[in-house]
Amino acid sequence: MKKHSVVIAGGGSTFTPEIILMLLSEEGRFPLSELKLYDNDAERQAIVGNACAIIMKERAPHVKFSFTTDPKEAFTGVDFVMAHIRVGKYEMRSLDEKIPLKYGCVGQETCGAGGMAYGMRSIGGVLELIDYMEKYSPNAWMLNYSNPAAIVAEACRRLKPNSKVLNICDMPVGIEDFMAVICGLKSRKEMQVRYFGLNHFGWWTSIIEKSTGRDLMPILREHISKHGYLHPSVEGHMDADWHSTYEKARDVFAVSPNFMPNTYFKYYLFPDYVVSHSDINYTRTDMVRDGREKRVFGECKRITEAGTAKDSTFEVGGHATYIVDLACAISNNTGERMLLIVPNNGSIINFDPTAMVEIPCIVGCNGPEPLVMGEIPRFNKGLMEQQVAVEKLVVDAWIEGSYLKMWQAITMSRTVPSVEVAKKILDELIEANKKYWPELK
Ligand code: NAD
Ligand code: LMR
């Protein structure tokens, strides 16, 4: 089997160690020759890189491992770039959450004004990675799961239409894992789904058991209408914040009860509820920093000091195997059916052909072949029209340096009540993002 050379961009990410363990656990179908980490923050990456070097030496000495901040070194001779960068890091994520909240609006990583602010930072960072890949490894593919995926994907469509970049999100995968549990299946791979929407903004319209064709929607509808996506056998594995998100899916479902919703609709359909349940002094970033970041970096430092990872508490990032599914689909032409963020081009018949939509695709060596999802109902379409306009206006604002387009984008979001509030949020976001955004005039 062909061995692959992979660079993980955003090497200093809190997700990196468990993704590396996942890659090692999948070597049976996706063998590695070389694994490199790349980041533009040497200090942050070294924490992760030093520990991962020990893990690699102990568990996969046959794989050449290194970490670097030099793009040439990182991107030369690779088959895949797996990208999970966070431009502005947690310091800026925190402001994305807190600035909108100050004006009574949803403050969230990818939804609402905060997500738009993050988008304005991410576009340049991701485009830069594509340029490095195309310069140093023109035949490579980028598997991008840097957020906000919807805005990043639209920027790729506009500015890098011929680049080999696939945008994918783990949220549908995570929800499908729960659905499988609810239906008593061993794995989400026993299900075949139909789905339409935008990233963090979509619905499952059909879910059947692959081997028998059994319709699983009645079981799921019954369950979600009572418990959301919560199930006793998975509740123990999530923090309180996620618990409430999965539970709220019940109320999200009620307004469009034919389909199973993505959990992110909580932010768009219940913005008042979200704001009243937020603490501006302790948002999701603070939880992640006190939780995942402390845990991961603490464990990295411990491994480095001990000089061994034999007793490491890092676990294989199990649900991230979708990244290997995608890499294998391309490398081995598996024709796997996966949800990807791709140009609509008529797949949703009554929707903007130029929208970046999240839909099932058959993935092979030439990339994704989207499936036709047909016509969608007016309610769902209306919500999507508004949200896709937000995403396109943000990309316009970035390309044109347009204050007006960004103001319109924030105004357009369901999470913002008025033009006036949109302006206040925008002006404060501009001030906070001076180092990262293009100048808006
Ligand atoms: P993190 O801050 O821990 O790590 C991100 C790393 O990216 C940092 O080390 C930072 O220095 C680096 N970085 C920032 N700008 C860069 C640039 N221009 N070039 C190279 N490196 C750069 O963040 P995290 O919480 O681990 O999240 C990483 C990313 O993955 C985020 O975009 C997050 O939203 C995304 N994510 C995506 C999914 C998905 O499936 N779509 C799931 C979880 C997280
Ligand atoms: C995170 O945990 O940082 C994100 O991936 C999603 C979130 O808001 O929890």
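Counting starts at 1 for both ligands and their atoms, in listed order.
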Is there a polar contact between ligand 1 and [X], counting only N or O atoms under 3.5 Å apart?
X	result
Tyr38	no
Leu129	no
Lys89	no
Glu109	yes

- Does Ala149 have a heavy atom less than 4.0 Å from any atom of ligand 1? no
With heavy atoms of [X] as the reference, note each atom of ligand 1 found under 4.0 Å away.
X	answer
Cys169	40 (O), 41 (N)
Ile168	41 (N)
Thr14	3 (O), 24 (P), 25 (O), 26 (O)
Val87	14 (C), 15 (N)
Ser146	32 (O)
Asp41	11 (O)
Tyr322	40 (O)
Gly10	6 (C), 7 (O)

Determine, using ring centers only, whether His4 and Phe30 are less than 6.0 Å apart.
yes
I want to know whether Tyr264 and Phe201 have ring centres closer than 6.0 Å.
no
Inspect the contact between [Y] and [X] and indicate whether a charged nitrogen and a carboxylate oxygen are less than 4.0 angstrom apart.
X	Y	result
Asp96	Arg284	no
Lys98	Asp286	yes
Glu154	Arg158	yes
Arg295	Asp290	no
Glu26	Arg29	yes
Arg188	Asp325	yes
Arg44	Glu293	yes

With respect to [atom], which of [options] exhibits the smallest heavy-atom separation?
atom	options	value
atom 41 (N) of ligand 1	Tyr118, Tyr145, Tyr132	Tyr145
atom 42 (C) of ligand 1	Asp170, Asn199, Val288, Thr69	Asp170
atom 29 (C) of ligand 1	Asn147, Thr285, Val152, Ile85	Ile85
atom 1 (P) of ligand 1	Arg93, Arg44, His84	Arg44

Any heavy atom of Arg292 under 4.0 Å from ligand 1? The part involved is side chain
In Phe259, Phe253, Trp203, the residue satisfying ring pair (Phe, Tyr, Trp, His ring centres under 6.0 Å) with Phe265 is Trp203
Checking side chain to side chain contact (heavy atoms under 4.5 Å, CB included) for the pair Met179/Trp204: CA distance, chi angles, key distance, verdict? CA-CA 11 Å; Met179 289 174 171; Trp204 285 264; 3.6 Å; yes
